[in-house]
Each structure stands twice: as structure tokens, then as C-alpha cells.
Amino acid sequence: MLEDKNKKATSLAELGEFGLIDHLTKYFKVGQETTKKGIGDDCAVISDANETLITTDLLVEGVHFDLSYVPLKHLGYKAVMVNLSDVYAMNAEATQITVSLAVSNRFPLEALEELYTGIQLACDTYKVDLIGGDTTSSTKGILISITALGSAKKEDIVYRDGAKPNDLIVVTGDIGGAYLGLQVLEREKEVFKVNPQSQPDLEAYSYLVERQLKPEARKDVVKLLKDLDIKPTSMIDISDGLSSEIMHICTQSKVGCNIYEDKLPLDPQVISTCEEFEIDSTMVALSGGEDYELLFTISMDDFDKLKGNPNFTVIGHITEENVGKNLITRANQQIKLKAQGWNSFE
Ligand code: ADP
Ligand code: MG
């Protein structure tokens, strides 16, 4: 978790802007057929017969990440994942990214090398091309803005507004882990402040910390759905928490929903850590963000195609709009969902 004080530190001023860009990007190779021109000219050039999808995220030090426990390599990887996840949530293929940076002179070249190692690992693993960006200085801290481009056939794109009453609500993987990972890291940071000699033992929380620091966007799910011949009626990625995302789908589709508490997919480490931290695991599953799983709805006719598949959990169904957005508890009580968890006082 600590920076190695013995590491070489080369000041960014030594390279200059062009030297820096060249140094950071020289090992990136483009592989997408649609990339006609990558880094090096005034613009990148793309040529695609399909629809083009575009999404951007801006990450600010101290607001979106804390470098006291987020290694820069992980930050680079995650910054790419956050964007790819949005592309996959449209049922599209991610193809290219641009990376823009504002960085203060507190960061040596070696820090940016770490960041780009993470970005390159993400690009290689997910087969997306780095095709450009911008580099400038900041008075304080580091800002990273990534734009991702995607490609899909017009008829394959899935929006948030297509859910219909009786559709099944499906979530991939498990949820709540990334939020708990953050709680664990925050706790260790406080311990470290009091006793800098302490070495954190994160063994019992390895899955949670990994979910927080190194999330994986669900490219595999887009392929899996294609192989199963399922086109979701609506889809969204889980960045802000399940509750908030299901509400986006319901609002845009003008429908309601019933989500079943006992169906929420939780990893055993989520359950045990919730017990230790004395927090409600349902609350964590509904409101904890950053899992980057996919939430989608399917027609009931498609249920047999994904039944029993370990990647998917059916957690409820879509209703008429006037039914509202509800959580059905283990005790069979109906509670109104809120963007942040639910209102237990209703
Ligand atoms: P311009 O002055 O035309 O904006 P730059 O000198 O900023 O060009 O960038 C030169 C090339 O390097 C461009 O292709 C640009 O997209 C790319 N580039 C600049 N900064 C980055 C970065 N941080 N990551 C990746 N590519 C970058
Ligand atoms: Mg520029």
C-alpha cells in the first residue's frame, strides 16, 4: 500500500509534453479493424459500418479515488473498466479509448508509467485500442478522463427504456463486494494513520478488495447473451448500486418492479464481512456501488435459455408502473425501493 521510497523519480519537466506522451504510449499497439489512425496526428480516424457508441468518465483525485490505498496501476485499469462497462451495458463491443490527463508536478514519470501499465493491461485484456488523448498539468492532484468508443449493429443495441411488465430482472455475478472492499481499505487507512508500522492483513477480505481495486467489466456477458440468443429488453451497468440502477430502468421504461430480498446474489465474504461490520447485507447489495455487474430484463419466454447458468441470478420481475418499485423482504413484506437502499419506515 505504500510507495516505495527507493524508487527512481524522474521529474515530468525533464521529458517535456511530447516526450512524455511518446514515452507513455510507445508500447501500445492498435488491433481493431475500425481503427484507421491511432495516436500521432491531430485526430484519430475510425471507420465503422455499424453504429458507434460513445461514453466518457472523469475521475478526480480525492473525489473518486484515494491514492493512499489505490495503486496507480489499478487506477489505470479501473478507469478503463468503468468506461468499458458502460459500452457493454448497451450490448455493444468496446473498440477504442482516449485517455486525457491533468497531473501536478508532485507525480514523477514513474507514477505515470504505473498508471499506463494498468491502462495497457486493460486494453490488451479487453482488446481495445488506445487511439489518443490529451496531457496537461494541474495545480493539484491528478485527473483522468477516459472516453470509450463501442460498436454494435443497430438492432443489437439495448437501451434502458425497453422493460415490459412481466419481464424478469436479472443480475450478473454478485453484488456489494466493491463497497465492502472500500470500507475495509478505509479502515486500514485509519489504522495506518495511528500506527504507520502496522502491516494490513487483508487475507480475509481478498475478494472484496479485489472487487474494489480491480473490477472487471462484463464483456463476457455480452458474448454469452449472444450465444444464448437472448436480447435483453433493457440493460444498465451497476455503478451506483442495484437500487439506483433498477430505478433508472423503471423510470425510463415507465414500469414498476418487485425485487426479492432472498434472491440477491451475495458472495460469502460479503455476508461474513457485513456481520463483522454490523451492517445489513441487503442494504449493501442495494446501495453499495462500483460492482460493474450488468442488470438487465428479459422476456419470460427467454427464461429457459439462462436458467441454471451460474453467471445469472433472477432477482425479481417488472410490473405495471402503478405497482411502484418494491423490495419484497424475507418476511414477505413489501417495501418501497429508494435510490439509496430503501425506506424502512414506510
Ligand atoms: P494536439 O496538440 O493536436 O492536441 P497533442 O500533442 O496533445 O496533440 O497529442 C499528440 C498525440 O498524442 C495525439 O494523437 C493525441 O491524441 C495523443 N495523446 C496526447 N496525450 C495523450 C495521452 N495522455 N494518452 C494517449 N494519447 C495521448
Ligand atoms: Mg492535445
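Values below: every heavy atom of this structure, side chains too, minus hydrogens, waters and symmetry copies. Note that ligands are numbered from 1 as they come in the structure, with each ligand's atoms numbered from 1 the same way.
Checking side-chain atoms of Asp280 against main-chain N and O of Thr282 turns up a donor-acceptor pair under 3.5 Å.
Looking only at side-chain heavy atoms (C-beta outward), Gln96 and Thr35 come within less than 4.5 Å of each other.
Distances between N or O atoms of Gly133 and those of ligand 1 include at least one value under 3.5 Å. The shortest N/O to N/O separation between Gly40 and ligand 1 falls below 3.5 Å. At under 3.5 Å, a nitrogen or oxygen of Asp134, whether backbone or side chain, sits near a nitrogen or oxygen of ligand 1.
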Report all side-chain donor-acceptor pairs from residues 215-228 shorter than 3.5 Å, counting only partners two or more places apart or in another chain.
residue : atom : partner : partner atom : Å
Glu216  : OE1  : Tyr77   : OH           : 2.6
Glu216  : OE1  : Tyr126  : OH           : 2.6
Glu216  : OE2  : Tyr77   : OH           : 3.2
Glu216  : OE2  : Lys214  : NZ           : 2.9
Arg218  : NE   : Asp220  : OD1          : 3.0
Arg218  : NH1  : Glu293  : OE1          : 2.8
Arg218  : NH2  : Asp220  : OD2          : 2.8
Arg218  : NH2  : Asn311  : OD1          : 3.3
Lys219  : NZ   : Tyr126  : O            : 3.0
Lys223  : NZ   : Asp227  : OD2          : 2.8

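The closest approach between a heavy atom of Phe18 and any atom of ligand 1 is below 4.0 Å.
Using a cutoff of 4.0 Å between basic side-chain nitrogens and carboxylate oxygens, Glu190 and Lys193 are scored as salt-bridged.
In the vicinity of Gly132, heavy-atom distances shorter than 4.0 Å reach the ligand 1 atoms 16 (O), 25 (C), 26 (N), 27 (C). Within ligand 1, counting atoms from 1 as listed, the ones closer than 4.0 Å to a heavy atom of Asp42 are 3 (O).
Residue contacts with ligand 1, taken as heavy atom pairs separated by less than 4.0 Å, involve Tyr116 solely via side-chain atoms from C-beta onward. At a 4.0 Å heavy-atom cut-off, ligand 1 touches Asp41 through the backbone alone.
His317 and Tyr260 have tilted rings, their planes meeting at an angle from 30° to 60° on a 0 to 90° scale.
Hydrophobic clustering of Ile, Leu, Val, Met, Phe, Trp and Tyr side chains at less than 4.5 Å, counting indirect connections, unites Ile119 with Tyr88.
Less than 6.0 angstrom separates the ring centroid of Phe312 from the ring centroid of Phe296.
For atom 9 (O) of ligand 1, the choice among Val99, Ile21, Thr25 with the nearest heavy atom turns out to be Ile21.
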